[in-house]
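Working notes, beginning with the structure itself.
Letters A, B, ... mirror the listed sequences (proteins, then strands); counts begin at 1.
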Number of protein chains: 2
Amino acid sequence: MKPKVSAKDVARHVGVSVATVSNVINNVNKKVSEETRQRVLKAIEELHYQPDFTARSLAKGKSNLLGVLLPITQAGDDESLLLKDNPFYAELLSGIEFEAGQRGYDVIITGIRPEQSLKDWVRKRNMDGVIFLGITPEPFLNELKALHIPVVLMDSHPKQGDCHSIGHDDFLAGKLACQYLMARGHQVIGFLSGGIQTSPVNLKRYEGYQEALKEAGLTSRPNLVLEDSVSFEGGYRMGLRIAQEYEKSRKGESVTALFCAADIVAFGAIKALREKRIKVPEEISVVGFDNLKTCDYLIPGLTTVDQGIYHKGVLAAGILVDDIEGKLEACRHIQLPVRIVERDSVCPPREK
Amino acid sequence: MKPKVSAKDVARHVGVSVATVSNVINNVNKKVSEETRQRVLKAIEELHYQPDFTARSLAKGKSNLLGVLLPITQAGDDESLLLKDNPFYAELLSGIEFEAGQRGYDVIITGIRPEQSLKDWVRKRNMDGVIFLGITPEPFLNELKALHIPVVLMDSHPKQGDCHSIGHDDFLAGKLACQYLMARGHQVIGFLSGGIQTSPVNLKRYEGYQEALKEAGLTSRPNLVLEDSVSFEGGYRMGLRIAQEYEKSRKGESVTALFCAADIVAFGAIKALREKRIKVPEEISVVGFDNLKTCDYLIPGLTTVDQGIYHKGVLAAGILVDDIEGKLEACRHIQLPVRIVERDSVCPPREK
DNA sequence: ATAGTCAAGTTAACCGGTTAACTTCTTTGG
DNA sequence: CCAAAGAAGTTAACCGGTTAACTTGACTAT
């Protein structure tokens with residue numbers, strides 16, 4: 001077992017006190033002469049000294065640790081990360097990890113599990129800040145606020161007073177997607193999402209969709225506005241219901257397009273439609289939301305609303321670190337731009 | 001700012017020393033009377049005391065931190081986690097996180113970046129153990145071995161002397177997949193993978209594939225054995241090459257099936273084939289490897305070799321923690337069973 | 001009655017850094 | 001020429017726990 005080299009060893013080697021070594025490391029300029037600095041740096045190099053973050057963390061009250069809180073799915077007793085089901089979180093997490101690394105922070109992850117106290121989780125390791133992915137249940141959020149550490153909310157409650165938030169103008173995005181479909185001749189458009197009332201993000205997209213229809217003098221049909229879980233399975237179930245509606249509707253009245261508030265929902269819906277022998281996009285066009293890498297895999301490729309997920313993760317970590325390091329005065333509420341990415345899941349409607 | 005309650009506060013509140021509080025927390029039975037124990041526990045409850053892991057970590061030399069080392073992709077200067085491109089890693093990570101959490105450990109992630117010293121990364125936080133995902137470059141591995149902490153290798157060099165490893169019998173798995181295709185009448189079968197020589201896992205699958213052919217009295221065709229990156233794009237490129245081969249071959253001689261050593265490669269390949277108007281599975285059947293959730297999304301659903309990714313992650317974390325806690329005498333080398341999951345990407349060959 | 005055990009704590013050193021306060025020596029200003 | 005200021009370090013307390021060694025009193029065995 002190689003003995004770990006500590007600041008004490010470096011100090012002894014150079015013939016100075018540990019305080020001086022510490023000062024060199026932390027760039028306290030006014031405390032150490034250039035010559036001594038060089039000698040210490042040389043010794044650090046030679047001995048392969050690496051400061052211990054645990055000790056530093058204890059002394060400074062700063063851990064250089066970013067907590068990433070991931071939503072979970074319950075499958076029986078096991079509560080596993082949604083990360084495994086929705087590539088969305090993987091892309092986001094990758095962006096966060098990248099930026100955190102660049103700025104000298106490490107990323108520690110956990111699922112948001114009902115039985116677990118997030119406050120305790122964060123506190124026991126003195127985390128410097130946390131990022132919430134996905135919908136953040138109020139109780140968890142409040143628990144964290146009591147800690148008074150920087151928090152970034154992603155696609156959650158926009159404009160939580162004392163947290164940063166990153167998202168998009170979901171109203172506009174929903175409107176955009178709907179208008180995109182209408183511009184191609186669609187008039188009967190369904191809306192598929194997770195809970196509309198439980199997720200502000202979905203609500204906004206829904207309202208945007210409604211607004212677009214209204215401006216075009218159209219109205220949405222209640223039985224084409226569906227809610228289920230934000231998952232492949234949820235999308236599949238909603239797709240089956242849309243297929244039923246499609247089958248029983250008369251010519252010229254049937255649904256010809258779907259706007260899904262998440263790509264993964266669109267994947268499931270498309271699967272269901274195809275199984276019911278409804279052609280996508282010839283019979284029903286589909287627009288998703290997220291622009292996951294996976295959109296390319298499908299046939300047809302999924303036309304969707306891009307939200308630059310990876311970049312969003314980078315941004316989130318950046319803001320969090322900025323705040324931690326005191327570079328931010330006020331809370332930031334960022335609305336990222338979105339854009340439609342055209343693939344092959346949309347075409348003009350044809351007569352039934 | 002709420003003042004953090006420490007063991008000292010608890011001690012004062014109960015009227016004992018901090019040592020006693022510590023003994024209660026750590027269940028040092030022989031040191032504290034049942035009555036005192038109860039009083040301390042009560043105080044802990046009342047004051048909402050939460051031991052500080054940073055301090056504990058420093059004192060014990062044990063951090064309860066598991067490092068997960070993720071492979072990266074280089075795109076220009078940015079080296080982002082492969083996690084964002086291949087759902088495989090997300091499933092694995094989810095499994096790891098779950099089991100780690102159950103056993104009282106936290107998970108900290110990083111990419112394996114050439115310029116970064118993994119040894120330093122692990123050492124500076126006193127991590128208790130690490131899990132390597134994907135191919136592990138030797139230099140990185142050796143660097144870590146010098147630390148003498150438990151290491152689990154996933155799908156990497158099988159049987160690295162002093163590390164645990166988890167994988168499958170890839171030879172058998174490759175053979176199985178190939179036999180599955182042959183049992184359905186295929187005789188000309190391609191093999192698509194990442195580097196065969198650079199990845200022992202791919203090599204084994206390749207050898208299994210060869211063996212199966214040989215046993216059936218068939219031989220593989222060199223121009224149907226392709227290598228590229230393990231990615232959607234790599235699969236796409238290989239798919240295009242297969243399409244070319246298909247077009248120029250004569251009836252009865254053309255490739256009728258592909259065995260892809262990773263699902264994500266299969267996704268890309270199918271996309272390419274479809275774009276070239278080659279029907280899957282009618283003209284070319286495809287078998288993948290991994291059984292990602294995403295296999296369900298595609299149309300046709302991908303028939304593949306299941307390796308229970310999530311469970312593999314759970315197992316990895318379990319072994320790592322077992323070792324950390326001294327419950328393991330020797331290195332474990334686990335070969336998980338695999339099985340074919342049938343979906344819709346395979347059918348008997350038809351005359352061209 | 002007396003040494004030896006044991007239960008139940010306490011004390012204090014320690015983990016590896018950070019940092020406020022102090023020292024010592026040199027320089028500068030009036 | 002002497003006080004004040006500044007440069008370059010050092011000392012020691014501290015962060016919040018853990019743990020080996022020690023204490024104290026009660027109980028047991030001889």
Atom pairs, protein N/O to nucleotides 25-28 of chain D N/O, distance under 3.5 Å:
none

Restricting to nitrogen or oxygen on both sides, can you table the protein-nucleotides 9-11 of chain D pairs closer than 3.5 Å?
from, atom 1, to, atom 2, distance (Å)
D:dG9, OP1, A:T36, OG1, 2.8
D:dG9, OP2, A:S33, N, 2.6
D:dG9, OP2, A:S33, OG, 2.6
D:dG9, OP2, A:T36, OG1, 2.9
D:dG9, O6, A:K31, NZ, 2.9
D:dT10, OP2, A:S17, N, 2.9
D:dT10, OP2, A:S17, OG, 2.8
D:dT10, OP2, A:T20, OG1, 2.7

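Panel note: side chain A:S22, backbone A:V18; no donor-acceptor pair is recorded below 3.5 Å.
A 4.5 Å side-chain heavy-atom check between A:I112 and A:F132 finds at least one atom pair inside the cut-off.
Minimum interatomic distance between B:V32 and B:T36 (heavy atoms only, all atoms of both residues): CG2-CB, 3.8 Å.
With a 6.0 Å cutoff to the six-membered ring centre and a 45° limit on the axis angle, B:R103 does not count as a cation-pi contact of B:Y105.
Note on B:S6: only backbone sugar-phosphate atoms sit closer than 4.0 angstrom, heavy atoms only; bases stay farther off.
Note: CG (A:N26) to P (C:dG16) measures 17 Å, nearest angstrom. Here C:dC15 presents its P atom at 12 Å from NZ of A:K4, a figure rounded to the nearest Å. Between B:Q38 atom CD and C:dA8 atom P there is a gap of 14 Å when expressed in whole angstrom units. Put simply, CG on B:N126 is 19 Å from P on C:dC14, counting in whole angstrom units.
Looking at residues two or more places apart in sequence or on another chain, you find a side-chain contact (heavy atoms from CB on, under 4.5 Å) between B:E46 and B:H13, B:K42. Evaluation of the salt bridge (Lys or Arg N to Asp or Glu O under 4.0 Å) rule for B:K60 yields no partner, not counting sequence neighbours. Partners of B:L82 under the side-chain contact (heavy atoms from CB on, under 4.5 Å) rule, at least two apart in sequence or in another chain, are B:P71, B:T73, B:D85, B:Y89. Every residue two or more places apart in sequence or in another chain that forms a side-chain contact (heavy atoms from CB on, under 4.5 Å) with A:A317 is listed here: A:I96, A:E99. Contacts of A:E34 classified as side-chain contact (heavy atoms from CB on, under 4.5 Å), with partners at least two apart in sequence or in another chain: A:R37, A:Q38. Considering only residues two or more places apart in sequence or on other chains, B:D323 meets the salt bridge (Lys or Arg N to Asp or Glu O under 4.0 Å) condition with none of them. Legend: residues meeting side-chain hydrogen bond (donor to acceptor under 3.5 Å, both in side chains) with A:S57, ordered by chain and number and at least two apart, are absent. A:E91 pairs by the salt bridge (Lys or Arg N to Asp or Glu O under 4.0 Å) definition with nothing, not counting sequence neighbours.
Screening B:L65, B:I149, B:N64 for a side-chain contact (heavy atoms from CB on, under 4.5 Å) with B:D128, the sole residue that qualifies is B:N64.
Across its full length, the helix from C:dA1-D:dT30 to C:dG30-D:dC1 shows an angle of 50° between the axes of its 5 terminal pairs at either end, rounded to 10 degrees.
Within residues 50-66 of chain B, the residues that have a heavy atom under 4.0 Å from DNA chain C are, in order of number, B:L58, B:A59.
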